Structure formats: C-alpha cells, structure tokens
Amino acid sequence: MEQLVLLGAEAIAQGALDSGISGVYAYPGTPSTEITEYIQNNRYALEQGIHSQWSANEKTAMETALGMSYAGKRSIVCMKHVGLNVAADNFINSAITGVNGGLIVVVADDPSMHSSQNEQDSRFYADFALLPVLEPTTQQEAYDLVFAGFELSEKFSLPVMMRITTRLSHSRASVKRRVVKEQNGLKMPSDPRQFVLLPAIAKKRYRNLLGLQPALIQASEDSMFNQDYPGSDNSVGIIACGIAYNYVAENFPNGIPYPVLKISQYPAPVEKIRKLTQTCKQILVLEEGYPLIERSLTGILNYSPVPVHGRLDGTIPRDGELNPDIVATALGMETINGPAVPEFLANRPPSMCKGCGHIDTYNALLDAIKPFGTGRTFSDIGCYTLGALPPLEAINSCVDMGASVTMAKGAADAGLLPAVAVIGDSTFTHSGMTGLLDAINENSPITVIISDNETTGMTGGQTSAAHGRLESICLGLGVPPEHLKLIIPLKKNHDENVQVIAGELNHQGISVIISRRECIQTAIKHKKVQNS
Amino acid sequence: MKTDIILAGVGGQGILTIAAAIGFATLYEHKFSKQSEVHGMSQRGGAVLSHLRISDKPIASDLIPLGKADLILSVEPMEALRYLPFLTKNGWVVTNSVPFENISDYPSIGKIREEYDKLPNAVWIDAEQIAKECQSPKASNIVMLGAASEYLCFSFDSLKVGVEQVFKRKGTEVVEANILALEAGRKFSSKI
C-alpha cells in the first residue's frame, strides 16, 4: 500500500478518511488544527462530500458529530485539550447516550504548554466519562488506531477518545495506508429513546455504561496496542503510555533490558499491570501529562505491593513534557550534554507581526485609558494575547475563550469602572456572544473591543465564523446602535481612534467597538492569490 | 548511518521549508525519518526549533537526546547557541551570520561570533549575501541547507530532488533559483 510522510495529526486525518468518515467537526486549536485542515485540503474528501467546515466552537462541533452518529454515519471531532472543557457537557453525556455510527473524539493535549494556558490531561475526562481512550505511540499507530477506534466505538456503541500530544501531532514520519472503507449508510438508532436523556431513560443508559466497563477492560487486555515486552532484568518494570515508550526505546538501541508494558488503550489493562507488578521489584510509570496510571496504582493511601515511581514521587518532574533525557535519568542512566548555553543569550518570545492591526488597536486603547489608569483591561485567547508582553503590556487577563467580556462585567459589577474587554472576532463568536448578552441585559458599564482581523489568526488563518456579520450580531443581541462603533486600526487614524474609545469609556453602559483590519498574514496570502 | 539535526531560527524564517526539503530527500533515499516541528504560537516571531532525525534503521524518539545532534543548522546566529547542549562531540554548527533583531536586548554580534570561535566545527556564513549574489535573494534558507549538505547522510543529488519537490508548485523559475542557492551554499562551505 501507499506510503506517506505525515504529521501525527495528518495521520489521524488520513486514517479517518480511510475508515469511511462522513464528517469532521472542529474548532481550530494548536496542536489539533492540522487534522481538519488536512481533510479540508484532501481531494478525495471533496469528491466524497465529506463534511469539513469549521464549527463555531468545540461544543457545537462535538454535538454536530454526535448528530451525525445518530444518523448512523462515522465522524470525528477534533479539538485541543482546553477545547474539551468547552465540549465537556456533550462529551460526558455522549457516554450516556452512546453512539449509533462510530464517533472518535480526537483531543490534542499540550504538555509543556507550547501554545496553551494549561497542560491538562484529557485522559482524566475519559476516565470520568467512563469512555475508552486510544493513545498512539507513533504516526503509524495514530493511523491504525483510527480504524481500531471506529470498530471499538461501533462494537460498544460508545464514543471513543483518541488522545495525542503536541509532540506526536507535530512530528512527521512515514505511514503506510490501508484499503479505504466506504462510508456507512443512513441508519436510525435501533432504540428510538437511546438519545433521550430524561431521568428515567438516563438512569437505564448510565447503568448500561457501567455494565460495559468490565468488557472495556477486557478489550484493553486483548488489544494488540497494549503490548507487554519481556525483559531479562526484572529489577524494574516499566509502564510506558503512548509516546513515552519511544523515549524508553531510544535509550536502549540494542533492546530494552527491562520488562515493559506499553499502554495505548484504556481503561488500563488490569491483569497486564498486575502481572508486571508481580514479576518486577519496582515499577516506573512513564506517562505524558498527569499521573493517571501512577495515581491509580498507589491510590490515596499511597500503598502498593511494590514501590511505584513516576511523577508523584519526583522520579519524573511533576510538570512538562517527557523526553529521552528525563527517561534516561529516571532509569539511572547518564546523559551527555554538549557545550553549555552562553549566559548572555536573550529570550525570544513570540510577538505580533510587524504591521499587525492589534498593535494599533492597543496603542489607541492605551492612550484612551490613561486618564483612568491601567489594570482594567480583560483580554482573551488569540494573537492579541501577546499584547500582555512588553512593549505594549496592554492587558491584564487571559483565561479562557470568551472570559474577557464576562470578567470585565464582573469587575464592573464590583465597581471597577470603566472595565474593558478585548476579544478577537473568532473568539467572540466562539464564546463571547453569550457573555455580551449578559452585559447587555444589565446595561453593564463595560467597553468591549472586538479586535476584528477577519480570521482565526493564531492558528494560521482559518475562516472566522461570523465574518462580515459582527455588527448585525451585536445589534441583534441588543447593543444600542449609538454605542456600536467601528474603527480602523491604522497609525494615521490613531487620534481619531483614541477619541472614539475614550468616548465609550466615559459612557455609563454597554458599548462595543469593532476595530477592523485584516490580519497581515492573510492579507499577504490574499494578495499573492490575486497576483497569480 | 544516521544524522540527527537541530534546526533553529526565528518563526517565519523558513525553517519548515528546510525541513521539508530534507524530508523529501530522505524519502527519495528510502531512509527512515522523524521530524518534529513547531507550529502555533511560537511561529509568531519567536524562537523556533525543529528536531530532524534521519537513519538507515527505524527511529524511536521524535526528539533528539542531549549531546546526540550531529548538526545544528541555524538560520540565525544567536538561535544556534540556544541548543548547544544537544550537540555531540565533534558535531557541526552551521549558521547564517545575519542576526534577526526583533528583541531589544539582542546581544552584540561580536560576543556571538566569539562563541563560534570556541567550537571545533563551525561554519559562519552570510547566507543573505550569497543568496543575493546568485540572484535568489529570497532563498537564504536554502543557501544554509546547501552549506550544511556535507554533513548530511545522503547525497547532494537527493537533496536537489528534495528542493525541487518543495518548490515545484511555484514553477521552474523558483525551483532553479533555489537549486542555485543550494549549490552556492555548498560551494561556500566546501571551501572551509
């Protein structure tokens, strides 16, 4: 079969196409974005009419995918780890409803927070929801596990989570394809009440989910992706989850001397773990993310038949991504460093592009807010979050999608006046609109600046859900027309923009200022397309 | 045979293009490869790093262990120094000498240069000047790839195939300009 060189994210996308999905649903977020983009740019997907348009947020994506599953077809839904917080309501409940057509929830975690505000471990969500998780070790396994995931999903009528991390998602290796499976036909659920979670039905469905757990554990015991490898030296037994296995293998090019259990399917295979603890003098648990297996092994009493090492006892750092050197150190092996980094080296954090409209928006805001004092600007998730760094230092918060509007409202409720929210256009439609409605309903004295670059910039310029319709959305929600302003963030408009913002800061009620100029990156791309 | 490469630079300098060209060359020679890239936030003018591993045998880790990189290839002189702990004994550091100064506390170029003088195997090359001289001003990243080509575990011809593959969609003129840049880079470092 055909060999392709693919990112881990792309391997999942190709696996999904080859397993006969009828749709992918997603909101962009690093490190998950490339999955959906791969399908959007795939000719076969286009010919087959496979759905791939971006959703407004992860919750709408997850729900739509569940709807496709209701109709009997296969789908995947993709998001970054914090996106699952947004989709959590549907995700948890989808375990109770179960699925009809196969459904894989792909969640890309970001340990070490390369592009995120936390490093939460999505496996805990699946554990909480009582759903199986697949955690690939390689790009090939990512591809193969999509096939296995759909079989598992349709066998147990449950959604299945596939959990990857930044490193696998953004690393390229060769992948061998399989025979392409046709899409499922339209098929109604056999039980018409399966998806009706009224308490009486939900209780039954929940018991059904609980009843499936032993079979899910058995599926993990039997899974070819949970491999136990024998070893000659039983002084340590290693449990390595997902890509952690690669870091063990890297340290032993001539074969790993210790018994190893590689876990790529959860719930954890209990018997396989028991066997390892019975044959080895101590256990080292290597997991990317939080100590899920490790904590289950020792429990709150911190007791186990053999000593367990990992993130909890300090053998592995408690936070951050794993690498071959951390694993070598944990196994008592020496690491060799090259020359030291010279002390005079300066950090080079990311920054907004030269000529970016967000910069002009912030410059105008900073001048307008001067008379009131700083410390009152709540912001959000996007390129404009970089406005927190010098030289601008223009914002005072960045918590989660949409929190700028609502935190500004809360601060205004507390008496911090005026309070300002700065939010991007895509973030606004993702989760800002509902918060704005709260503020409108109480005519809260806040100024919401929608820094509209007409795209989802930080993740590479994806379509913004309400492009061209922000004014009508704001008016429809109830922003008074006289307090809905449009400014163009350019240097030459600076004085005028400062005046507009100052005017609204002085208004004792809700105002929205749309500051609109196309993202400099997408503008360059559009120009190139025009010229060619 | 294996080559472990740390690719360094600043977001937007064309590191992923270098990585893609090497990736195609590796595929052309039927070698194993793993290539860890940086996408997302750091691409906005921040320090970026890519781990590129090529071997005759299957590769386990997507990340290169400390002290194991055979080559640090950097399109910016300060950025290469950030990853020195990855360099193996007698490994090579090949860098563009033109600084990318988008931060206020950028150290003096003299200080940076001194660090290269301490290294046993370093190539310091004005890639932008060479790119201009061969009429391919946009191809300084490919000049760098050419300058590092001697330290890779595959043939120069395969690397040419890789560069062709990367640019073929942009037309023959762009391909030719980049091949010229690749050759000019190689010529420069072979004189050292």
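So that the names make sense, note that chain A is the first sequence line, chain B the second, and so on, each numbered from 1. It should be emphasised that the depicted structure is a prediction, and the values quoted were computed from it without experimental measurement.
Among residue pairs with one or both ends in residues 99-116 of chain B, those qualifying as salt bridge (Lys or Arg N to Asp or Glu O under 4.0 Å) are B/R113-B/D117, B/E115-B/K118; sequence neighbours excluded.
With a 4.5 angstrom heavy-atom cutoff, B/L52 does not touch chain A via any of its atoms. Proximity to chain B is limited to the side chain of A/Q139, based on heavy atoms less than 4.5 angstrom apart. Proximity to chain B (any heavy atom under 4.5 Å) is shown, for A/P339, by both the backbone and the side chain. Within the 4.5 angstrom heavy-atom criterion, only side-chain atoms of A/C383, from C-beta onward, approach chain B. For a residue to count as touching a neighbouring chain, one of its non-hydrogen atoms must lie under 4.5 Å from one of that chain's; by this rule B/L81 touches chain A with backbone and side chain alike. Interface residue B/L63: backbone and side-chain heavy atoms are both found under 4.5 Å from chain A. For A/L322, the part lying under 4.5 angstrom from a heavy atom of chain B is the backbone only.
At distances below 3.5 Å, not a single donor-acceptor pair connects side-chain atoms of B/Q35 with backbone N or O atoms of A/R172. With A/D325 contributing its side chain and B/L66 its backbone, the two residues share a donor-acceptor pair below 3.5 Å.
Taking each heavy atom of A/A173 and B/K34 in turn, the nearest pair found is CB-CG, 4.0 Å. Annotation for A/P324 and B/S61: closest pair CG-OG, 3.4 Å, computed over non-hydrogen atoms.
The local environment of NZ in B/K2 is crowded, with over 12 non-hydrogen atoms from other residues, nucleotides or ligands closer than 6.0 Å. Within 6.0 Å of OH on B/Y106 lie more than 12 heavy atoms contributed by other residues, nucleotides or ligands. By the neighbour-count criterion of 12 heavy atoms within 6.0 Å, atom CD of A/E2 is densely surrounded, having more than that number from other residues, nucleotides or ligands.
Separating the CG atom in B/D62 from the OG1 atom in A/T137 is a distance of 10.5 Å, to the nearest 0.5 Å. Atoms OG and NZ, from A/S174 and B/K31 in turn, are 14.5 Å apart once rounded to the nearest 0.5 Å.
Two residues are said to be in side-chain contact when any heavy atoms from C-beta on lie closer than 4.5 Å; A/R167 and B/S36 meet this criterion. Put simply, the side chain of A/H114 does not reach to within 4.5 Å of the side chain of B/V38, judged on heavy atoms.
Considering only heavy-atom pairs separated by less than 4.5 Å from chain A, the leading option among B/A69, B/A60, B/G67, B/S104 is B/A60. Between chain A and the residues B/K89, B/K57, B/R53, B/K68, the largest count of heavy-atom pairs under 4.5 Å involves B/R53. Ranked by heavy-atom pairs under 4.5 Å with chain B, the list A/M352, A/Q3, A/E250 is led by A/E250.
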For residues 340-349 of chain A, tabulate all N or O donor-acceptor pairs below 3.5 Å that involve a side-chain atom, not counting sequence neighbours.
from   : atom 1 : to     : atom 2 : distance (Å)
A/R348 : NE     : B/E79  : OE2    : 2.6
A/R348 : NH1    : B/F100 : O      : 2.5
A/R348 : NH1    : B/N102 : OD1    : 2.9
A/R348 : NH2    : B/E76  : OE1    : 3.3
A/R348 : NH2    : B/E76  : OE2    : 3.3
A/R348 : NH2    : B/E79  : OE2    : 3.1

